Amino acid sequence: MTLEQYAQISNYAMVAATCVLALAFVAHAAEWAFARKVADEEKELVTTGPTPPSPPTEDTTPVTERFSRVGVTLTILAAALLAISVITRGLAAERVPLGNMYEFGLAGVTVALITYLGLVWKYQVQWVGGVVAAFGLVILGMSLSTYVPAGPLVPALDSYWFEIHVSAVMLAGAFFLVGAAASVLYLIRVRAESKDNVGPVLRRFPAAAVMDKLAYRVNAMAFPLWTFGALIAGPIWAHYAWGRYWGWDPKEVWAFITWIVYAGYLHARATAGWKGRRAAYFCLIGFVTFLFSYYGVNLFGSGLHSYAK
Amino acid sequence: MNPSTQASELTPREFTRWIWRQLTSMRTALFLLLLLAVAAVPGSLVPQRGVDARTVQAFFQDHPTLAPALDALGMFSVYSSPWFSAIYLLLMLSLVGCIVPRISVYARALRARPPRAPRNFSRLPGSGTFTTTASVDEVMAAGRRALVRTRVDVVQTDAGAELRAEKGYLRELGNLVFHVSILVVLVGVAIGALWSYRGAAMVTEGDGFSNTLSQYDEFNSGPLYDSDALPPFGLLVDRMIAEFQPEGPQRGAPKRFQANVTYTENPGDKPQRYEISVNSPLSLDGGDVFLIGQGYAPVIRVTDAEGEIVFDDAVIFLPQDGSYLSEGVIKVPDAAPEQLGFQGFFMPTAVSAGDDAPTRTVYPGAVNPVIGLRMWTGDLGLDDGTPQSVYTLQKDQMTEVLDDNGEPLNISLSPGQSQTLPGGGTIEFVDLRRFARLQIADVPAKSLPLAGVSVGLIGLMASLMVRPRRTWIKATTRNDGTGARLTSVSVGVLDRVPRDETPIDLESFLTDLQETLATLDTSKENPT
């Protein structure tokens, strides 16, 4: 196959993956919608108390459960397509496909989906699937808007620190995504719990404490990775490429801000009076600052990382 | 005396203590962390002097009223502004106030023995009981063996014995190491900022550079750096190689930049060769030389009306963008009868679509290099003593030379071409050279922040991954009705960081313990 053909396959796989992920999101949305409907019907039948779960036989599998499974299956398909897209992109460009924002977003969402699926396999966290799919779509949209044809790297990126720095940052970003998704649901759930008003949709989700724990776990993995990628590997490479290890370039500023906010998250979670809701807000602010350092900086400013466009 | 005012009045000592407590509380630390994040934002939106001084100048020109106001707030040098410094100094103080007491608490905890068992194990997150025929001592010994890498005490009690165990001391150690490392990083960064220097110089192929202040186009140094003490190295740019993607979707994108230099580390040393490229600087004693840019420097020769060669030099044309459309100025102060000035552009690959269509450059490599110049005569203004940039032409005492149609005269030259000037004399595009934009910098104690952040990362991971756990085993003996001795064992586990795995871990610990005791039992029954 020629390089052009690989590039073509990569592009088709990317588009297909985006569509499939959108369908996965729709499936999870349907899961939530049907949870409401089923609950309404149940309410009509039984007026007091929650219904005991029906035995899981082939026919009586709750419709919500089926939609959840469809969602996970579609996410697996989307992740596989994205992986194909990333690999063929690398073959087309004859290098590690992390050389620009498009490739970063593509690979980041791939890793985020694989992380999520791994967590589904191990801890049954499919409840977070809808939000993960939504965040994934947002980032795929961002990276599509920065599409560039596959090609070789500019000389500044020609360093082994390129793979180390970018992959560490990307991995951290993927974990941040999963953590933020869990925190969103946590905030919704904890609000309902505090009002003692856990509706039929929310009842499908695990307790707030479980969501909080998932968010903490992935963020506790992401934070050292981010520290390494953005504050160790980045400055070392910056020293070789630009002649200084830290120069308050807009991207560096926002990487630093992201680091501070996640440090705040870890502290908040260990502090009485801040753990729980406030910590979750830190996590979400952190994810927003991460997205800004990935995308917003290049949108608004120039800076040295502008080749990442 | 009014008792209410008496109660609210604090002695200075109490007040200081109160302030210190407030400052070192986690709430304040979190608030300061967020404040630092917010304070860092404007520096990424407003151009910064230390990052890009030229953009700051442009900003002043574009926003004549807004810019001075922002300047008064320190918005053009956020990261060295008093308010930014105030926030991080308070944060540092809060950090010190937090870790110093914790270090002494940790030192005491390191020496302390594991605490005694709580009376009621059922309140612990994990507990279990079993009975065995093994003796109390055997249970204790088995427990000791099962608890690897754990601090264990065995204490005799009235009814039997109690084993107290604690592990996971590394968690708090990691935590402390991480926070101390942040201080180390900041000290390292501060040392670097105070004693560093950084400058940039554009050196044309064939030209040399010696490390003295006058040779720099830009120079910045830390307040404590003595710029007279620049290390005395020198270098000669033999060749500047710039390659661009010749085809494909990324046609024209940079492919390889490399400056081949000959350098001497100290005057009188034997010259050595080095190839500086974008990710491989030349490291010398007292400074690193980085290649941070390149461009074109056409060699121009000007003869005046009297036939004298009054200018013969490479002229640096500054690239305006990635297409390497470059702008430059030629000043000929020695021309007679009047001084000459030329200003114009350089195109590496000029293409003209038709006679009327403007010429444009289509590729950054020098395939069809062309310079286009306009000409001024008069006084260049070099003699009045005010410094002026070599890249701009001061035209207020000069008049532009016009062609026969009364339009500004256009000079367009390819390499080797020359053109006769209206007042007599010629201008010739002799040769095309490149220039290297080199950055020379030295930041002392670079390894201190690196070591700090690396050790800090290890500490951070320890503090996130190590799970402190306390385990207690109580064993008491009683005789059952038949006279056989039975030991009842109860095990309690307390994780100082709550975990889901506690019951599973406890389960496997109990199984292990019982199995060990069972093998003891059988070996006792069947002595060999």
Side-chain angles (χ1 to χ4, degrees), chain A residues 3 7 148-159 161-162 213 220-221 223-224 227-228 231-232 235-237 239-254 256-261 263-264 266-268 270-274 278 282 285 289 297 300-304, chain B residues 26-27 29-30 33-34 36-38 40-41 43-45 47-48 50-52 55 78-79 185 189 192 196 198 200 243 245 248-251 253-258 277-281 288-292 438-441 443 446 449-450 453-454 456-457 460-461 463-465 497-498 500:
Chain A
L3 299 185
V148 285
L153 289 179
V154 295
L157 295 177
D158 180 21
S159 162
W161 286 106
F162 156 63
K213 201 170 284 171
M221 276 195 287
F223 187 68
T227 309
F228 173 74
L231 301 182
I232 297 181
I236 293 176
W237 186 17
H239 167 72
Y240 288 115
W242 300 327
R244 86 286 185 292
Y245 61 82
W246 190 266
W248 298 107
D249 179 69
K251 203 100 167 175
E252 293 172 342
V253 172
W254 279 92
F256 175 64
I257 292 172
T258 305
W259 186 82
I260 291 180
V261 176
L266 292 179
H267 282 97
T271 309
W274 284 73
R278 283 186 189 176
F282 264 94
I285 296 170
T289 58
V297 168
F300 293 109
S302 48
L304 284 166
Chain B
M26 188 60 109
R27 256 168 61 125
L30 282 170
L33 265 177
L34 269 192
L36 188 69
V38 173
V41 173
S44 71
L45 305 175
Q48 296 295 296
V51 180
D52 193 350
T55 320
V78 165
Y79 307 107
V185 169
V189 170
S196 65
R198 179 154 69 118
E243 288 170 8
Q245 301 296 344
Q250 300 213 5
R251 187 172 174 275
K255 188 176 168 192
R256 182 165 77 113
F257 293 141
Q258 180 180 310
S277 60
V278 175
N279 274 299
S280 103
D288 296 333
V289 184
F290 303 88
L291 178 64
I292 56 168
L438 301 175
Q439 176 170 296
I440 294 108
V443 180
K446 279 195 290 278
L450 178 61
V453 71
S454 306
L457 184 63
L460 173 68
M461 284 164 71
S463 79
L464 289 172
M465 288 189 299
V497 184
D500 291 343

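Keep in mind it's a predicted model, so treat the numbers as computed, not measured. Numbered from 1 within each chain, the chains take letters A, B, ... in sequence-line order.
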Q) Non-hydrogen atoms of chain A under 4.5 Å away: do they reach the side chain of B:Ala40, the backbone, both or neither? A) both
Q) Quick one: CH2 on A:Trp259 to CG on B:Leu33, what's the gap to the nearest 0.5 Å? A) 8.0 Å
Q: Could you look at B:Ile292 and say if it's the side chain, the backbone, both or neither that has a heavy atom under 4.5 Å from chain A?
A: side chain
**Q.** Shortest non-hydrogen contact between B:Gln439 and A:Gly243, atoms and distance
**A.** NE2-O, 3.3 Å
Q.
Take a 6.0 Å sphere around CE of B:Met461 and say whether it holds more than 12 heavy atoms from other residues, nucleotides or ligands.
A. no
Q. What part of B:Val443 gets closer than 4.5 Å to chain A, counting heavy atoms only: side chain, backbone, both or neither?
A. side chain
Q. Based on non-hydrogen pairs under 4.5 Å, which of B:Ala253, B:Ala29, B:Gly192, B:Pro281 is most in contact with chain A?
A. B:Pro281
Q) With chain B, which of A:Ala268, A:Pro149, A:Ala241 has the greatest number of heavy-atom pairs at distances under 4.5 Å? A) A:Ala241
Q | Residue part contacting chain A, namely of B:Pro47, when any heavy atom lies under 4.5 Å | A | neither
Q. Of all heavy-atom pairs between A:Leu153 and B:Gln245, which one has the smallest distance, and what is that distance?
A. O-NE2, 4.4 Å
Q. So which part of B:Val189 gets closer than 4.5 Å to some heavy atom of chain A, the side chain, the backbone, both or neither?
A. both
(Q) I'd like to check the ring pair (Phe, Tyr, Trp, His ring centres under 6.0 Å) partners of B:Tyr79; sequence neighbours left out, ordered by chain and number. (A) A:Trp248, B:Phe84
(Q) Run the salt bridge (Lys or Arg N to Asp or Glu O under 4.0 Å) test against A:Lys213 and tell me which residues pass, sequence neighbours left out. (A) B:Asp500
Q: Using non-hydrogen atoms and a 4.5 Å limit, figure out which bit of B:Gln48 sits close to chain A: side chain, backbone, both or neither.
A: neither
Q: Determine the minimum heavy-atom distance between A:Trp254 and B:Ser44, stating which atoms define it.
A: NE1-OG, 2.7 Å
Q) Looking only at heavy atoms, what is the nearest atom pair of B:Leu464 and A:Ala220, with distance? A) CD1-O, 3.4 Å
Q.
Using side chain to side chain contact (heavy atoms under 4.5 Å, CB included), reason through A:Tyr245 and B:Lys446 one step at a time and then give a plain yes or no.
A. CA-CA 8 Å; A:Tyr245 61 82; B:Lys446 279 195 290 278; 4.2 Å; yes
Q: Show the numbers, then the answer: is there a side chain to side chain contact (heavy atoms under 4.5 Å, CB included) between B:Leu30 and A:Arg278?
A: CA-CA 11 Å; B:Leu30 282 170; A:Arg278 283 186 189 176; over 6 Å; no
Q: Let me know if B:Val41 has heavy atoms under 4.5 Å from chain A in its side chain, its backbone, both or neither.
A: both
